[in-house]
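First the structure, in the form of structure tokens, and then the observations on it.
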Protein chains: 2
Amino acid sequence: MAGAPPGGRRVITVYGFSPSGNCHKVRLLLEQTGRDYRWVEKRSDDGSTRTLEMLAKNPNGKVPFIELDDGRVLTESNAILHWLAEGTPFLPVDPWQKAQALSWMFFEQYSHEPYIAVARFICGWTSLDSPRRADLPRLRERGRQALAVMERHLSTNPWFTGDAYGIADIALHAYTGVADHGGISLDAYPAVRQWLQRVEATPGFVPMPGPDAAAQALIDQSR
Amino acid sequence: MAGAPPGGRRVITVYGFSPSGNCHKVRLLLEQTGRDYRWVEKRSDDGSTRTLEMLAKNPNGKVPFIELDDGRVLTESNAILHWLAEGTPFLPVDPWQKAQALSWMFFEQYSHEPYIAVARFICGWTSLDSPRRADLPRLRERGRQALAVMERHLSTNPWFTGDAYGIADIALHAYTGVADHGGISLDAYPAVRQWLQRVEATPGFVPMPGPDAAAQALIDQSR
């Protein structure tokens, strides 16, 4: 589906934690563009991303990041999506539409992920007595504000990137699709729910792996 | 300095709050590229960005955003920078370096601004008895982590975007230069301090307006 990809036909190594939406974004685009890649699993809840070896690659101590076969590293999920999508149908050519895609991706990282993804992380990957759980009401409220902004856009537009599915949809799908893990219901957002279904029907879509049994048990007790 | 800018020679209207770093980023790039623009001042601490008229332009209720003379709107400070910089010396042509610029801009919005800018906002633009002040120790700690990542990069690189000053520097300068307003000292980050001086010596640099007297008084009482 893709034309000549950035970096030629190099094999890309992704360092990621499979149940992380930020990491899954990268996997989904690689799958949908048919790129070769190698996946190195690194949990982000047990210090594995902050070993000396990992900090030498990403001093910010987070996943995902990608590494090329010459050792060069690119961090930040949405910057990775943008680089991988350049020259493919997943990023529009029109500069204004490209800018809109980036705008939604910054919205995702500033106004959406810090609430919807963090609520999910607290519910599934912290203990039931974690003091972080006191933040959940505020996080859920702010998460719903982000969903309302998405609902408004999707009530008159099928996608976030111009008139076609693309990386802004991939970025926003990641945690919206699992908002209920953090106790945020999508019942009030019908256009968002229909858009999730459209995303999941795109060619080559792969779902994010579910939480493991321990995380699922915590999620079930956090609702 | 710029070539043919995106959108041709249209006049751009910026909606912004002058002492906001996110807003000042846009002004700085417009000044340094010599673009015509009109500035509409909207405070972000008194509901002025969430009126019905403003929400019709940006449903996320934030500034900055830009409006073209045909009414089209682009939100998110770093998406605006990226759009304005395309085809100018402020964004590299090389795809990998472009990706690195975006990576730092996502770092800024996720790992830097929510701590360094928010600590500053709380100190200068909330009352001395605001419950938000309880967050300051955590915000300052996370802000120092972001500065440490920047220090590491700047100890071997003069700029954040390849080998030239560009929009990643503009994005990161905005709140780093006023980190002390939020009670975060730069004493431990000499490479960051030298980089701030290099940024401030670039042609056409304009400083962000200082806080007004009320905000400055709050900042002085928050240290």
Relative to chain A, which of B:G61, B:S77, B:A79 shows the most heavy atom pairs under 4.5 Å?
-> B:A79

Do other residues, nucleotides or ligands put more than 12 heavy atoms under 6.0 Å from B:R38 CZ?
-> no

Ranked by heavy-atom pairs below 4.5 Å to chain A, first place among B:I80, B:L55, B:L74 goes to B:L74

Using heavy atoms and a sub-4.5 Å threshold, report which of residues 143-152 of chain B line up against chain A, by residue number.
-> B:V149, B:R152

With a 4.5 Å heavy-atom cut-off (strictly below), which parts of residues 96-114 of chain B touch chain A? List them by number.
-> B:W96, B:A99, B:Q100, B:L102, B:S103, B:M105, B:F106, B:F107, B:Q109, B:Y110, B:S111, B:E113, B:P114

Answer yes or no: are there more than 12 heavy-atom neighbours, outside B:D70 itself, under 6.0 Å from its atom CG?
-> yes

Is the count of non-hydrogen atoms from other residues, nucleotides or ligands lying under 6.0 Å from B:D163 atom CG greater than 12?
-> no

